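Here's the structure, in structure tokens; my notes come after.
Just follow the structure's listing: the first ligand is 1, and inside any ligand the first atom is 1. These figures come from a predicted structure and were not determined experimentally.
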Amino acid sequence: MIYLDNSATTKPDATVLQSFMQVNEKYYGNPSSIHKMGGEVEKLQTKAREQAAQLLGVNPSEIIFTSGGTEGNNMAIKGIALQHQQRGKHIITSSIEHPAVYDTCLSLEKLGFTVTVLPVNEHGIVDVKALKAAITEETILVSIMHVNNEIGAIQPMEEIGEIVRAHKKIFFHVDAVQALGKIPVHIKRANVDLCTFSGHKINGLKGTGLLYVRDGVTLFPLFHGGGQEHGLRSGTENVAGNVAFVRALRLILECEAKKSEHLHSIQKQLLEGLAEMAHIYVNSTAEGAPHIVHFSVPGIKPEVLIHALYEEGIILSTKSACSSKQEDKSRVLEACGKSEEIATSGIRLSTSYHTTEAEVTQFLTVLHSTVTQLKGILG
Ligand SMILES: Cc1ncc(COP(=O)(O)O)c(C=O)c1O
């Protein structure tokens, strides 16, 4: 089996699973309990927070453990909107966000907020001039993703951060779920106020993640209760999950430091191989994130190709896994100005540090023969 669906989710690392098991077996107490066992678990949680902060170059007080990307994005966007609505009710986001940002922003329209959705160019890059022009006295939040989950476009975070910083009233949220461990995420340098990460995209576990909240930024909590996670996320902590997340974070950052070249060389191999193939239109560029390559095969329904490739032992997706069962047309490709034909026939493949050149070669051979065969059948 050749697994090329790593942006949907990754295989958990064996040592991450081991950490999760060990903590659950030995330290299953509640960190809020006042007995010694509770205290030991609390220490473990504090250590995990400190290590996460160190790895991300931020303060431990700025780390909120979450259940993943969807929760982090909701916590950040709704949290800012509800907490700071007296300052203004205008939010800016982009047309290529993941639904966990896009739909969250739009949901606030029901509460009287106005949302500006910024356009992107043909490569999925946000129009920075449009961002400047969209800012008003009412703007309280700009939420822009770091790496797009469908085509891998990388946004100019530092440039956007600079623009937002010039407006003291505006908070800057970044969905960095697809960026983490693949390209550098400069939280401080890009003046980011809130940054979302997810565990299961970095060989960690589903149901784990982290939201960075800059010291001094206040949020209206989505959950009230016992006041855990600095009062922002009440509920008994998933200490084993948090420890496992930090282990996954450490491992993926090590891979990024040591094996980034490998990911780029696989990307090059894929882009060159696809460019030579008939019937294939490539939607990603070499400037995009190294682990995501997106292409369309006009005239062939993506699900037909995906099932045919699965039969040959190759696993990949249409658009993003979270929305791939919903609509035929990709909102992201449409926003990039692609034709209906291209926007309805997209396939995403996403690699990992474990993907080999031999796997890519085999994938390209199988793709070529499968597309040729399907084109023959479909005329
Ligand atoms: C860019 C982006 N943001 C958010 C999410 C949601 O993350 P999670 O599955 O951890 O809720 C995803 C998942 O595909 C994603 O790719």
Next on the checklist: For Asn73, which part has a heavy atom under 4.0 Å from ligand 1: side chain, backbone, both, or neither?
Outcome noted: side chain
Using a 3.5 Å cut-off and no angle test, enumerate the donor-acceptor pairs between side-chain atoms of residues 305-316 and protein atoms at least two apart in sequence or in another chain.
none

Checklist entry - So, is Gly69 polar-close to ligand 1, with some N/O to N/O distance under 3.5 Å? => result yes
Item to check | Cationic tip of Arg331 above Tyr102 ring, under 6.0 Å, 45° of axis | outcome: yes
With a 3.5 Å cut-off and sequence neighbours excluded, list the donor-acceptor pairs that the side chains of residues 126-135 form with protein atoms.
from: Asp127; atom 1: OD1; to: Lys129; atom 2: N; distance (Å): 3.0
from: Asp127; atom 1: OD1; to: Ala130; atom 2: N; distance (Å): 3.1

Item to check | N-O pairing of Glu62 and Arg214 below 4.0 Å | outcome: no
Item to check | Parallel, tilted or perpendicular: rings of His84 and Phe171 (30°, 60°) | outcome: tilted
Item to check | Distance-only N or O hit between ligand 1 and Asp175, under 3.5 Å | outcome: yes
Checklist entry - For ligand 1, which atoms sit closer than 4.0 Å to a heavy atom of Gly68? => result 10 (O)
Checklist entry - If you group Ile, Leu, Val, Met, Phe, Trp and Tyr by side-chain heavy-atom gaps below 4.5 Å, do Phe197 and Met145 land in one group? => result yes
Next on the checklist: With heavy-atom distances below 4.0 Å as the criterion, list the atoms of ligand 1 near Val177.
Outcome noted: 2 (C), 3 (N), 4 (C), 12 (C), 15 (C)
Checklist entry - Which ligand 1 atoms are under 4.0 Å away from a heavy-atom of Met145? => result 1 (C)
Item to check | Mode of Thr70 contact toward ligand 1 - side chain, backbone, both, neither (heavy atoms, under 4.0 Å) | outcome: both
Checklist entry - Under 4.5 Å between side-chain heavy atoms, hopping through other hydrophobics if needed: is there a path connecting Leu270 to Ile347? => result yes
Checklist entry - Going by the atom numbers of ligand 1, which of them fall below 4.0 Å from some non-hydrogen atom of Gln178? => result 1 (C), 15 (C), 16 (O)
Checklist entry - Taking non-hydrogen atoms only, is His200 closer than 4.0 angstrom to ligand 1 via side chain, backbone, both or neither? => result side chain
Next on the checklist: Would Lys201 count as a contact residue for ligand 1, given that I'm defining contact as a non-hydrogen atom of the residue lying under 4.0 Å from a ligand atom?
Outcome noted: yes
